[in-house]
Amino acid sequence: MGPDAPVSEPKTPPPVPEATADSTERQAMMALYARATRAELEAAVERFSPLPQVRKLRPPEAGLVMVQGRTGGDGAPFNMGEATVTRAAVQLEGGATGVSYMLGRAPEKAEAAAILDALWQDPALKLAVNDALAPIRRRLAAEEATAAAEAEATKVNFFTMTRGED
Amino acid sequence: MYVAVKGGEAAIRNAHALLAQRRRGDASVPEIGLDQITGQLSLAVDRVMAEGSLYDRELAALAIKQARGDLIEAIFLARAFRTTLPRFGASVPVDTGAMRVRRRISATFKDLPGGQVLGPTFDYTHRLLDERLATQAGDDADRTAAETTTSARPNVPPLPPAGEGWGGGTAPTPDASPAGEIPAPSLPSSDRTRLLPSSTPETEAGNIRLRSGRGFTGARVHTSGEAAEAPAGPMPRVTDLLGDEGLIEPAPADDGTPPRDLTREPLSFPADRPLRLQALARGDEGFLLALGYSTQRGYARTHPFVGEIRFGEVEVSLHAEELGFAVPLGEISVTECQSVNQFKGSATQPPQFTRGYGLVFGQLERKAMSMALVDRSLRFAELGEEKSAPAQDEEFVLSHCDNVQATGFVEHLKLPHYVDFQAELDLIRRMRAEHAAEAEAQAPDVAEAPHKEAAE
Amino acid sequence: MAALAPALSAGFADPVHDAQRAFAALMRAMAEPARLVPLASALAPPAPLSPEMAAAALALLDYETPVYLDATLAAVPDVAAFLRFHTGAPLVTDPAAARFALMGDGAGLPDFARFAQGEPDYPDRSATLIVQVARMDEQSEGALVLEGPGIKGRRTFSAAPLPADFGRRLAANRALYPLGIDLILCAPGLVAGLPRTLAPHTQD
């Protein structure tokens, strides 16, 4: 875009988000949407049918996020490589604006997540949205338990002859 | 003189059609699916993601299929694709300390908090071709029978359905992994615990326990009696254990400066360490492996130990300007390698261990290790070491580690160079003529005698 | 948590193609300086942000382009919320830190020197000012007579409201070349580019 070449001057990093109880809860919900499947999210949305009119504030859009790591694991950040991301935003008639961002290229899933995010912001629906995600939580917990158990089974237990302590 | 080539269009079209046919191979054999590539050639997918610098398993699988398994060509396709997408921002740096560890080993400490987890590794395999894998799929019953008679395979529950993860894919049913078959370990209770590990009491407790120990020796050793301990609990980094006693340098501090990005500004020298790490993370595995190997063989000797290698999933999050907080995006698989190297000390610093660092997408242990070795050797100036080897030359290393750039420049040689070559040809003819004339002038007797004879 | 306005205006209905159309119009405007280029915008941004300026902003801004709003636009929080939501661009209060500056009030244009002028090695590291005006045309009485690359001979150009010394400012900006700022003017249905290469014709 002509005059709009790479910015080189250091930009101030985004402010550390204030971890309000509400945003922490919302982040936890968003973490679930991101790890759910399209079918799981659409099934969750279905429970709130008929939905109020959904206005697509930002139609689902695929893009990239530059994933950063830290030197030595906990030091200065560096750019590791990009990942595909899909985002969407909707506004429910008479309701809140729902936003979603998630890894992968998944327009329908991103839109379903944005709708759930909007519904969740309605205090009257918060618990119901939370409940609608229970199957996702169960699946993820079971998968994690399996993966953890598989890893655990490969744990090496060394038995030392002398330990020089105790 | 340039001679135009005609008929190229049809020939190119036909060549591409032939390529597509060869790619497909024998039509009587079922076509390979992306799910087969992501599921069964997952380390090839990882390599394409790492060097293509684009985390997307399905795209990487597609690239591998389209490239007929030529991984550098697939990496090229991934790089080309990424240019078509807008960038939404840079993630919050991933926290490898909060990784859900699937493999974690240390070559420096055999007993370390959290234990050594071999995970899915080629280590300790005998490198004998397995005839059973050569048989057609479908005889799962035979496979299972064969495995159960082999005591080497630990008794683990069935694998979770493949294909799901951080992105699209098919939906496994919620009860696909029957909870009843999962053995002993009980996980830190709620989902929230695992989804936001950095804010959970469990994590904090784990860190406190670690920090209060007297370095690694003070920490509890994992014994078989404690095997039921939550395997998903935090695993302290080996470098943190050494750091507690000041035996190892700390990681360079985060002063809030955004790292330079070679995809936004061309690489320029001197490159700082974050920029070097970016170039290495997307660099060619073979090139970095060879350079790392050269440091071990004495070209910039740095006496490395593998302090720790860990592989597993980390959560990625993005600060969304419109929300004012970081949105969790899902998880990616990464491999991290911390190398620990000798350092004699200097006038200002006492002797201590120094570090090299590797972090790559996917399960790419060789790449992460090579990256850590080369990262360390590139730090020679900062550590007051002598420069003596290619692996220390950042301009040499960084300018040549990108295999897309490298293949572009090497492979362009096969494209039409008729004009250039015509010029060279003319030059060589002229030089030969001059050479002959000179020879004639310098040795008139020898040269001219036969001429005269011939003329006569 | 930054609460979103209850009725946030929508962005481009067809993000890729709408952004490309707006970008093409802006590119043409910069290639043919001082020419009035049609820009149809279906956006309904919060006032006083005009649909044309909103289209230019959505096409040009992203998270890597710090943006400065003049007092007229900064006075309405919905404008900032709209831009932040649809572009992700960080809003800055220091004009020198901005890659783009959105000017709701053409008559009150600040001194160009307050914006990034670029560096000798990187003249592109300069600001682009996007300015809203009520009208633009090519033959008004008292129009500027402009010349420079992209103009065959000379071109007359007039827009209002703009500062009385606008022509002198363009000349001063031209004198800094290759440094300096670029201007994009937006009027209803139109955009025009006034890049740093442009100068008022001086009588000879």
Side-chain angles (χ1 to χ4, degrees), chain A residues 6 8 10-11 13-14 17 23 27-28 30-31 34-35 37 39-40 62-85 87 99 101-104 106 135 137-146 148-158, chain B residues 53-56 85-88 90-91 93-94 96 102 110-111 115-119 154 156-157 160 166-168 171 174 177 179 182-183 185 187 191-192 195-196 224 231-232 237 251-252 254 256-257 259 261 264-265 274 277-278 281 316 318-319 325-330 355 357 359 361:
Chain A
S8 69
K11 288 184 294 178
S23 72
Q27 284 169 311
M30 288 174 156
R35 298 179 63 203
T37 63
E40 284 171 335
L64 299 170
V65 162
M66 174 54 88
V67 179
Q68 295 190 344
R70 288 189 182 281
T71 309
D74 56 357
F78 69 95
N79 294 305
M80 208 185 150
E82 288 163 313
T84 54
V85 171
R87 68 176 179 186
V99 176
Y101 281 85
M102 56 190 52
L103 289 171
R137 286 199 185 83
R138 274 199 299 277
R139 173 178 65 80
L140 292 174
E143 285 177 8
E144 175 56 22
T146 304
E150 286 169 345
E152 180 69 20
T154 68
K155 203 169 233 180
V156 178
N157 289 309
F158 284 114
Chain B
S53 204
L54 181 65
Y55 198 102
D56 188 315
L85 294 175
R87 191 189 281 182
F88 298 152
S91 81
V94 295
T96 54
R102 306 305 182 205
K110 62 180 162 49
D111 301 327
Q116 305 231 20
V117 179
L118 297 183
V156 295
W166 54 273
S177 306
I182 298 164
L187 294 167
D191 291 320
R192 291 259 316 270
L195 295 170
L196 290 169
S224 55
R237 296 188 187 91
D254 177 3
T257 312
D261 182 352
R264 286 295 196 258
E265 292 171 76
L277 288 172
Q278 181 184 14
V316 181
L318 170 74
H319 177 88
F325 60 79
V327 180
L329 303 177
R355 302 160 65 169
Y357 188 66
L359 181 66
F361 288 153

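Here is the naming used below: chain letters follow the sequence lines, and residue numbers restart at 1 for every chain. The structure presented is a predicted model; accordingly, all values stated were derived computationally and were not measured.
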Next item on the list: Taking the side chain as every heavy atom from C-beta outward, state whether Asp254(B) and Pro77(A) have any pair of such atoms under 4.5 Å apart.
Entry: yes
Checklist line | CG-CG distance between Leu54(B) and Leu64(A), expressed to the nearest 0.5 angstrom | finding: 6.5 Å
Item checked: Side chain to side chain, Leu318(B) and Val85(A), heavy atoms closer than 4.5 Å -> no
Notebook entry, point to check: Heavy-atom distance under 4.5 Å between the side chains of Glu152(A) and Val117(B), does that happen here?
Noted result: no
Check: Any side-chain heavy atom of Leu329(B) sitting closer than 4.5 Å to one from Met30(A)?
Finding: no
Notebook entry, point to check: Does the side chain of Met66(A) come within less than 4.5 Å of Asp261(B)'s, by heavy atoms?
Noted result: yes
Note to self: Can you tell me which of Gly69(A), Ala62(A), Gly75(A), Gly72(A) forms the most heavy-atom pairs within a distance under 4.5 Å of chain B?
What the structure shows: Gly72(A)
Margin query: Please report the interatomic distance CZ(Arg70(A)) to OG1(Thr96(B)), rounded to the nearest 0.5 Å.
Written below: 10.0 Å
Check: From Leu118(B) CG over to Thr154(A) OG1, what is the distance, rounded to the nearest 0.5 angstrom?
Finding: 5.0 Å
Next item on the list: Return the minimal non-hydrogen interatomic distance between Gln68(A) and Ser91(B), and the atom names on each side.
Entry: N-OG, 3.0 Å
Next item on the list: Would you check if the side chain of Gln27(A) reaches a backbone N or O of Ala326(B) as a donor-acceptor pair within less than 3.5 Å?
Entry: yes
Margin query: On a heavy-atom basis, which atom in Ser53(B) and which in Met80(A) lie closest, and how many Å separate them?
Written below: OG-O, 4.1 Å
Next item on the list: Give the minimum heavy-atom separation between Val65(A) and Phe88(B), together with the two atoms involved.
Entry: CG2-CB, 4.4 Å
Item checked: Smallest separation among heavy atoms of Phe325(B) and Ser23(A), with atom names -> CD2-CB, 3.9 Å
Notebook entry, point to check: So, do Glu82(A) and Tyr55(B) sit near enough that their side-chain heavy atoms are less than 4.5 Å apart?
Noted result: no
Next item on the list: Just do the side-chain contact (heavy atoms from CB on, under 4.5 Å) check on Asn79(A) and Leu277(B) with the steps written out, would you?
Entry: CA-CA 8 Å; Asn79(A) 294 305; Leu277(B) 288 172; over 6 Å; no
Checklist line | Part of Arg87(B) within contact of chain A (heavy atom distance under 4.5 Å) | finding: both
Check: Are any side-chain N or O atoms of Arg102(B) and backbone N or O atoms of Ala151(A), one a donor and one an acceptor, separated by less than 3.5 Å?
Finding: no
